[in-house]
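Everything on this sheet refers to the single structure shown next.
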Amino acid sequence: AFQNCRALEYVHLPDIVTALGERVFYGCSNLREVRLPENNDFMAISRAAFFAAGLQRIRIPRNVIRIESTAFLGCSVMHTVVFDPDPNAQGAQRVRVVDQRAFAGCNALRELTLPPSLVFDIRHAAFENCDSLARVVGEFVALGNFAFRGCMSMNTFTFGTGSNLAWMGVSCFERCTLLERLELPNTVTQIGNEAFLRCNSLQEVRLPASLTHLGRRAFTECSSLTAI
C-alpha cells in the first residue's frame, strides 16, 4: 500500500484497523514513528510490514501476539523496542511469538527488556546480527536456530524466573563475543549444535540437571571458558 513512500515520516493507525497487509510500509526509509492499533482484533504485525523502514522506536501493544517474519528486518536506526505488559494474561495468552528474522539487522537496537507478564517464543534468526544489542532480559519458552547469532555487543542475557525453555537452537548465541556468563533455566533439555560457537569472552555457563543433549561443537572456540 505504501511501499517505498520515502517522504512518509509519521503514521497513526486508528484503533478500528484490525490487520496490516504484507510489506505495507516496506522501504519507507524516512518513516520515524508509527502508532499501532490497540484493539483485540489487531493481533499480528504482518510479514515485512516495516522492512527497511526508518523507524527509531516501536511500541508493541498488548493485543499483538505475533510479529511475523521480517516485519522489522533491516530497520537499521531503530534503537528501542517496547512490549506493553499484559498483567491479566494467563497460560497460553501470555505467549508472544517473534517470527523468523523479525528484527534481524536492527543494528541500533541496544537493549531488550521484556515484561515479566509475557513469555516469548523467539524463532529462527529473529535478532540475528543486531550489532549493538548489549542486554536482554525476559522470560522465554523457545530460542530458535540463530536467534541471537552475531549480536557482538551482547554482554548480558538473563532468563526470567518464569522461563520454561526446553531447548536452544543451533548457533543460538554464536559470535556473541562479549557474553561472559549465562545461567540456563532448569527446564532446558537440549542445546543445539554450535550454540555458543566463538563466544570467546564466555567464562561461565551453568548447565541445568535437566540437560540430556549437548550438541556438537556447542562450546567450540570459547577460549575464556573456565567453569561449567
Side-chain angles (χ1 to χ4, degrees), residues 47 66-73 81 92 94-107 109 111-112 114 118-228:
R47 186 173 71 89
R66 189 182 193 100
I67 299 175
E68 296 185 355
S69 64
T70 66
F72 297 97
L73 175 65
V81 175
R94 297 180 62 210
V95 178
R96 300 295 185 268
V97 174
V98 182
D99 224 328
Q100 60 182 3
R101 299 183 63 77
F103 291 96
C106 291
N107 295 330
L109 184 61
E111 181 174 335
L112 195 61
L114 304 172
L118 305 176
V119 293
F120 288 81
D121 177 350
I122 306 297
R123 300 285 175 88
H124 180 102
F127 292 93
E128 185 178 31
N129 294 328
C130 290
D131 294 345
S132 299
L133 184 59
R135 182 174 184 267
V136 177
V137 178
E139 301 190 358
F140 301 92
V141 294
L143 295 179
N145 297 343
F146 316 116
F148 292 95
R149 182 171 66 170
C151 293
M152 292 185 291
S153 296
M154 185 185 294
N155 54 50
T156 301
F157 194 102
T158 304
F159 291 96
T161 55
S163 293
N164 190 26
L165 186 73
W167 62 278
M168 294 170 51
V170 171
S171 296
C172 186
F173 291 99
E174 180 184 342
R175 287 188 291 107
C176 292
T177 53
L178 295 184
L179 187 63
E180 295 183 356
R181 289 175 176 81
L182 191 66
E183 182 172 355
L184 301 180
N186 59 14
T187 53
V188 173
T189 60
Q190 298 184 54
I191 295 176
N193 297 341
E194 301 183 348
F196 297 95
L197 178 66
R198 299 190 183 97
C199 292
N200 49 29
S201 296
L202 190 64
Q203 300 173 22
E204 180 179 355
V205 178
R206 295 189 181 182
L207 301 179
S210 57
L211 187 67
T212 59
H213 175 79
L214 184 61
R216 291 180 292 105
R217 292 167 50 87
F219 294 97
T220 295
E221 297 184 38
C222 293
S223 55
S224 300
L225 191 61
T226 59
I228 295 180

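Excluded from the calculations below are hydrogen atoms, water molecules and symmetry mates; all remaining heavy atoms, backbone and side chain alike, are included.
- Counting heavy atoms from C-beta on, the side chains of Met168 and Leu184 come closer than 4.5 Å.
- For the pair Asn155 (side chain) and Leu178 (backbone), a donor-acceptor distance under 3.5 Å is absent.
- Nearest approach of Arg175 to Gly150, heavy atoms of both residues: NH1-CA, 3.7 Å.
- Ring geometry for Phe146 against His124 counts as perpendicular: the plane angle is over 60°, on a 0 to 90° scale with 30° as the lower cut.
- For the pair Glu139 and Ser163, the tightest heavy-atom approach, listed with the atom from each and the gap, is CA-OG, 3.2 Å.
- Looking only at side-chain heavy atoms (C-beta outward), Phe173 and Leu202 stay at 4.5 Å or farther from each other.
- Interatomic distance, Asp99 CG to Arg66 CZ, rounded to the nearest 0.5 Å: 4.5 Å.
- Looking at Val97 and Arg123, their side chains come closer than 4.5 Å, going by heavy atoms from C-beta outward.
- Partner of Val141 under the side chain to side chain contact (heavy atoms under 4.5 Å, CB included) criterion, chosen from Leu165, Asp121, Ile122: Asp121.
- Listed for the Asn193 side chain is a donor-acceptor partner under 3.5 Å among the backbone atoms of Arg216.
- Phe196 has its side chain within reach of Leu182: a pair of non-hydrogen atoms, C-beta onward, lies under 4.5 Å apart.
- Judged by distance alone, with hydrogens and angles left aside, the side-chain atoms of Thr189 form a donor-acceptor pair with the main-chain N or O of Ala166 at under 3.5 Å.
- Taken from OG1 in Thr177 to CZ in Arg198, the straight-line distance is 11.5 Å, to the nearest 0.5 Å.
- The closest side-chain heavy-atom distance from Thr187 to Phe159 is not below 4.5 Å.
- With salt bridges taken as basic N to acidic carboxylate O contacts below 4.0 Å, none links Arg181 and Glu183.
- A 4.5 Å side-chain heavy-atom check between Phe127 and Leu112 finds at least one atom pair inside the cut-off.
- Remark: Leu197 CG to Phe219 CZ distance equals 11.5 Å, nearest 0.5 Å.
- Of the inter-residue distances, the one linking Arg217 atom CZ with Cys222 atom SG reads 10.5 Å to the nearest 0.5 angstrom.
- Contact detail for Cys172 and Leu143: the closest heavy-atom pair is SG-CB, 3.7 Å.
- Put simply, the side chain of Asn129 reaches to within 4.5 Å of the side chain of Asp131, judged on heavy atoms.
- Note: Phe148 and Phe157 have perpendicular aromatic rings, judged against thresholds of 30 and 60 degrees for the angle between ring planes.
- Taking OG from Ser224 and CG from Leu179, the interatomic distance works out to 11.0 Å, rounded to the nearest 0.5 Å.
- Contact of the Arg47 side chain with the Ser69 side chain is registered, since non-hydrogen atoms from C-beta on lie closer than 4.5 Å.
- In this structure, Cys176 SG and Met154 CE are separated by 4.5 Å, a value rounded to the nearest 0.5 Å.
- The two residues Ala125 and Ala104 have their closest heavy-atom pair at O-CB, 3.7 Å.
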